[in-house]
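Some notes on the structure that comes next.
Atoms within each ligand, like the ligands themselves, are counted from 1 in listed order.
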Amino acid sequence: MSDKQRVVLVTGGMGGLGETITTKMVDAGYKVVVTYSPGNNKHADWVADMKGKGYDVMAVPCDVADFDSCAAAVAEVRSKVGEVDVLVNNAGITRDMTFKKMDKANWDAVIRTNLDSLFNMTKQVADGMVERGWGRIINVSSVNGSKGAFGQTNYSAAKAGVHGFTKALALEVARRGVTVNTISPGYIGTKMVTAIPKEVLDSKILPQIPLGRLGEPSEVAGLIIYLASEEAAFVTGANIAINGGQHMQ
Ligand code: CAA
């Protein structure tokens with residue numbers, strides 16, 4: 001690491017996966033800023049709770065589906081903390097339903113939050129990383145981007161798009177010290193997964209996972225810490241699966 005403490009921006013950093021990514025990155029020596037959805041009124045409590053546990057984390061409001069909101073959030077980070085060195089595009093939502101039941105609003109919400117967000121956030125930081133000759137962009141996709149999932153035409157489409165974005169941008173910035181990678185977690189023990197009806201989880205999903213369990217958020221955070229490190233400089237344009245063997249590409 002350089003003398004300067006590197007700045008990490010984690011979108012959706014208060015969420016199930018995001019919170020663990022955040023604490024692990026602080027433990028690894030980074031200065032971490034999280035974004036939270038402007039509708040989330042628990043952010044002050046969350047920041048205070050983190051502080052109580054020894055994690056000094058800044059939180060900025062940001063609707064990742066909205067370009068101007070992303071521009072404002074990154075401007076705030078820049079003025080208060082510094083340039084973003086590592087961007088973790090983690091924020092995401094599900095609106096699971098069969099295609100027969102899916103309406104346009106539930107399609108749009110997932111595409112905008114899970115895919116348009118990559119343009120909206122990355123656009124704010126990529127040029128600066130290229131100019132400084134160092135950067136890490138880590139995009140959180142899903143096993144269901146490559147495997148597909150019953151009830152997730154919207155989510156699977158968005159998550160498949162994530163890796164297309166990764167590969168194209170990785171080519172454009174490879175010579176400038178900036179890596180762009182996708183990670184594709186499987187079913188991790190967060191609220192997003194425990195919200196799946198129990199009978200569906202037990203009868204349809206867990207039996208597909210050779211490890212026979214859900215993943216741990218800390219296991220995903222460990223992979224992100226590796227991708228953010230100096231040692232990962234030769235890894236770019238990759239899509240790294242972390243799914244307990246559920247889907248082998
Ligand atoms: N495979 C095959 N059939 C399935 C199925 C599956 N995975 N899930 C549901 N079905 C079947 C049911 O058995 C039922 O069949 P019958 O009509 O023959 O009885 C039928 O589909 C139900 O269809 P409905 O349209 O009535 O659906 P529903 O309203 O009951 O719910 C659903 C459908 C919302 C998709 C629900 O099954 C569900 O939540 N499934 C889980 C989807 C999922 O895996 N989401 C992942 C969330 S976590 C995440 O996304 C993180 C990540 O990156 C991995």
Side-chain angles (χ1 to χ4, degrees), residues 10-22 24 34-35 37 64-65 87-118 121 137-167 181-224 227 238-249:
V10 183
T11 67
M14 291 181 194
L17 206 48
E19 182 176 299
T20 304
I21 296 167
T22 298
K24 294 279 177 194
V34 302
T35 74
S37 163
V64 295
L87 172 65
V88 184
N89 281 313
N90 163 70
I93 59 168
T94 52
R95 294 284 184 274
D96 294 353
M97 59 200 73
T98 54
F99 186 66
K100 193 177 169 63
K101 292 181 179 168
M102 191 173 295
D103 59 14
K104 182 82 165 71
N106 283 307
W107 171 267
D108 287 344
V110 170
I111 299 295
R112 292 180 67 233
T113 302
N114 296 8
L115 183 58
D116 288 358
S117 57
L118 263 65
M121 283 307 298
I137 297 166
I138 301 164
N139 299 320
V140 181
S141 178
S142 162
V143 62
N144 292 337
S146 49
K147 182 180 175 295
F150 192 101
Q152 287 200 310
T153 48
N154 49 5
Y155 187 86
S156 297
K159 292 299 192 180
V162 167
H163 193 51
F165 175 91
T166 289
K167 289 189 285 187
N181 289 291
T182 299
I183 65 160
S184 288
Y187 286 72
I188 310 299
T190 64
K191 223 164 49 189
M192 188 182 267
V193 169
T194 51
I196 298 170
K198 187 172 167 14
E199 67 281 7
V200 174
L201 194 59
D202 289 347
S203 68
K204 303 268 198 284
I205 294 169
L206 280 170
Q208 296 177 356
I209 305 175
L211 255 70
R213 65 167 175 88
L214 300 177
E216 297 289 341
S218 60
E219 293 170 320
V220 177
L223 177 57
I224 291 176
L227 288 172
N239 183 2
I240 303 181
I242 175 161
N243 63 35
Q246 186 185 3
H247 184 57
M248 302 181 188
Q249 288 156 318

Flag atom 51 (C) of ligand 1 as yes if some protein heavy-atom distance to it falls below 4.0 Å, otherwise no.
-> yes

Under 3.5 Å side-chain donor-acceptor pair for S146 and Q249 | yes

State whether any protein heavy atom lies less than 4.0 Å from atom 14 (C) of ligand 1.
-> no

Under 4.0 Å between heavy atoms, the region of I188 that gets near ligand 1 turns out to be neither

What part of Q152 sits under 4.0 Å from ligand 1 if we count only heavy atoms: the side chain, the backbone, both or neither?
-> side chain

Compute whether any side-chain donor of one residue and acceptor of the other, for N139 and T166, lie under 3.5 angstrom apart.
-> yes

Among V140, L17, T22, side-chain contact (heavy atoms from CB on, under 4.5 Å) partner for V10 = T22

Donor on one side chain, acceptor on other, S184 and N239, under 3.5 Å = yes

Can you list the atoms of ligand 1 that are under 4.0 Å from a heavy atom of T98?
-> 25 (O)

Show your reasoning for whether side chain to side chain contact (heavy atoms under 4.5 Å, CB included) applies to N89 and I137.
-> CA-CA 8 Å; N89 281 313; I137 297 166; 4.1 Å; yes

Enumerate the atoms of ligand 1 whose separation from the nearest heavy atom of V200 is less than 4.0 angstrom.
-> 37 (O), 40 (N), 41 (C)

Does R112 pair with D108 as a salt bridge, N-O distance under 4.0 Å?
-> no

List the steps, then state whether salt bridge (charged side-chain N to carboxylate O under 4.0 Å, His left out) holds for K191 with E19.
-> CA-CA 12 Å; K191 223 164 49 189; E19 182 176 299; over 6 Å; no

Heavy atom of protein inside 4.0 Å of atom 17 (O) of ligand 1, strictly below = no

Interfacing atoms of ligand 1 (cut-off 4.0 Å, heavy-atom, V193) = 48 (S)

Should one rank G145, S203, A149, S142 by closest heavy-atom distance to atom 53 (O) of ligand 1, which comes out on top?
-> S142

Shortest protein heavy-atom distance from atom 20 (C) of ligand 1, along with the residue and atom involved | F150 CZ, 4.3 Å

Hey, is the main chain of V162 close enough, under 3.5 Å, to the side chain of S141 for a donor-acceptor pair?
-> no

Is it true that E216 and K24 have a side-chain N and a carboxylate O under 4.0 angstrom from each other?
-> no

Region of P197 that comes within reach of ligand 1 [heavy atoms, distance under 4.0 Å] = side chain

Could you tell me whether a side-chain N or O of T94 sits under 3.5 Å from a main-chain N or O of D96, the two making a donor and an acceptor?
-> no

Is any heavy atom of the protein nearer than 4.0 Å to atom 39 (O) of ligand 1?
-> yes

May I ask you to check if ligand 1 and S141 share an N or O to N or O distance below 3.5 Å?
-> no

For G186, the ligand 1 atoms whose distance to one of its heavy atoms is below 4.0 Å = 54 (C)

Among T194, N243, L214, the one residue meeting side-chain contact (heavy atoms from CB on, under 4.5 Å) with Y187 = L214

For ligand 1, note which part of K101 has a heavy atom under 4.0 Å away: side chain, backbone, both or neither.
-> side chain

Verify atom 42 (C) of ligand 1: protein non-hydrogen atom under 4.0 angstrom away | yes

Any protein heavy atom lying closer than 4.0 Å to atom 29 (O) of ligand 1?
-> yes

Donor-acceptor pair, side chain of T20 and main chain of P217, under 3.5 angstrom | no

Which ligand 1 atoms does G151 reach within 4.0 Å, using its non-hydrogen atoms?
-> 35 (C)

Within the distance-only criterion (no hydrogens, no angle test), does the side chain of T35 pair as donor or acceptor with the backbone N or O of G12 below 3.5 angstrom?
-> yes

Considering only protein heavy atoms, which is closest to atom 44 (O) of ligand 1, and at what distance to one decimal place?
-> Y187 OH, 2.8 Å

Going by the order shown, which atoms of ligand 1 are within less than 4.0 Å of some heavy atom of N144?
-> 54 (C)

Counting from 1, what ligand 1 atoms have a heavy atom of I205 closer than 4.0 Å?
-> 44 (O)

Would you mind checking which non-hydrogen protein atom is closest to atom 45 (N) of ligand 1, with the distance to 0.1 Å?
-> D96 OD2, 2.7 Å

If every non-hydrogen atom of Q208 is compared with every non-hydrogen atom of P210, which pair is closest and at what distance?
-> O-CD, 3.2 Å

Would you say atom 2 (C) of ligand 1 has a protein heavy atom nearer than 4.0 Å?
-> yes

Flag: protein heavy atom within less than 4.0 Å of atom 6 (C) of ligand 1 = yes

Which pair of heavy atoms, one from P185 and one from I188, lies closest together, and at what distance?
-> CB-CG1, 3.9 Å

Give the atoms of ligand 1, by number and element, whose distance to some non-hydrogen atom of T94 is under 4.0 Å.
-> 50 (O)

